[in-house]
Q: 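If you scroll down you'll find the structure; I have some questions about it.
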Amino acid sequence: MNKRPWAFIVGGLLVALVLAGVVSNYASSHPDGLDSSLLKGCTVDADDNIVGGSCPAQQTKDHELADSPLADYGVRGIENGFLSTGLSGVLGVLLTFAIGGGAFWLLRRRSSGAAVDGPTSGVGAAAGSEASAEGTASAPAGRS
């Protein structure tokens, strides 16, 4: 088996990029379960603005990062909604992939540096296997 499954990683990244960049534009525009439960008791118009009644959604306020570059499923400054949503999805996937890949790379480097050569690895084991292949008896690596 290949030690580095690059084809699998690149394939998965490409699928995630297509889903985030294209398919995300076709997701439902209706509010999710939490948003719809907060609107119970209120009357809303076609643009989901509260026009009457009493509900918990009336006490909501904007998040501290509501004006960030990738807020509200779009990229600030891009007026085309389809492009803005797709680009924010692609940027989110790439950012997540970079952070996750970096974390795995750091963890892998840390654990491989702490490994100690055992009796089945290293130069002694290779010499012992060559001697066995030639038909001569040899002691295991590290023993006399």
Q: Under 3.5 Å, side chain of R76 to main-chain N/O of A71, donor-acceptor pair present?
A: no

Q: I need the S68 OG to H63 NE2 distance, nearest 0.5 Å.
A: 9.0 Å

Q: Could you check whether any side-chain heavy atom of V44 comes within less than 4.5 Å of a side-chain heavy atom of L39, counting everything from C-beta outward?
A: yes

Q: Under a single-linkage rule joining Ile, Leu, Val, Met, Phe, Trp and Tyr whose side-chain heavy atoms are separated by less than 4.5 Å, which residues share a cluster with I78?
A: L70, V75, L83, L87, L91

Q: Any sub-3.5 Å donor-acceptor pair from Q58's side-chain atoms to G53's backbone N or O?
A: yes

Q: For S84 and E79: C-alpha separation, side-chain torsions, deciding distance, then whether side-chain contact (heavy atoms from CB on, under 4.5 Å) applies.
A: CA-CA 7 Å; S84 179; E79 299 302 322; over 6 Å; no

Q: Rounded to the nearest 0.5 Å, what separates atom CD1 in I99 from atom CG in L94?
A: 11.0 Å

Q: Does L38 form a side-chain contact (heavy atoms from CB on, under 4.5 Å) with C55? I'd like the steps, not just the answer.
A: CA-CA 6 Å; L38 290 175; C55 63; over 6 Å; no

Q: With sequence neighbours excluded, what pairs up with D45 under the side chain to side chain contact (heavy atoms under 4.5 Å, CB included) test?
A: D47, N49, V51

Q: Can you give me every donor-acceptor pair (side chain of residues 17-25, partner residue at least two apart or in another chain, under 3.5 Å) with its distance?
A:
| from | atom 1 | to | atom 2 | distance (Å) |
| --- | --- | --- | --- | --- |
| S24 | OG | A20 | O | 2.5 |
| N25 | ND2 | G21 | O | 3.3 |
| N25 | ND2 | F82 | O | 3.3 |

Q: Could you work out the complete set of other residues in the hydrophobic cluster of F104, with links drawn between I, L, V, M, F, W and Y side chains under 4.5 Å apart?
A: none

Q: Quick one: side chain to side chain contact (heavy atoms under 4.5 Å, CB included) partners of D72, sequence neighbours excluded?
A: none

Q: Show the numbers, then the answer: is there a side-chain contact (heavy atoms from CB on, under 4.5 Å) between F97 and I9?
A: CA-CA 10 Å; F97 183 77; I9 292 171; 3.8 Å; yes

Q: Give me the other members of the hydrophobic cluster that F8 sits in, counting Ile, Leu, Val, Met, Phe, Trp and Tyr linked by side-chain heavy atoms under 4.5 Å, directly or via other members.
A: none

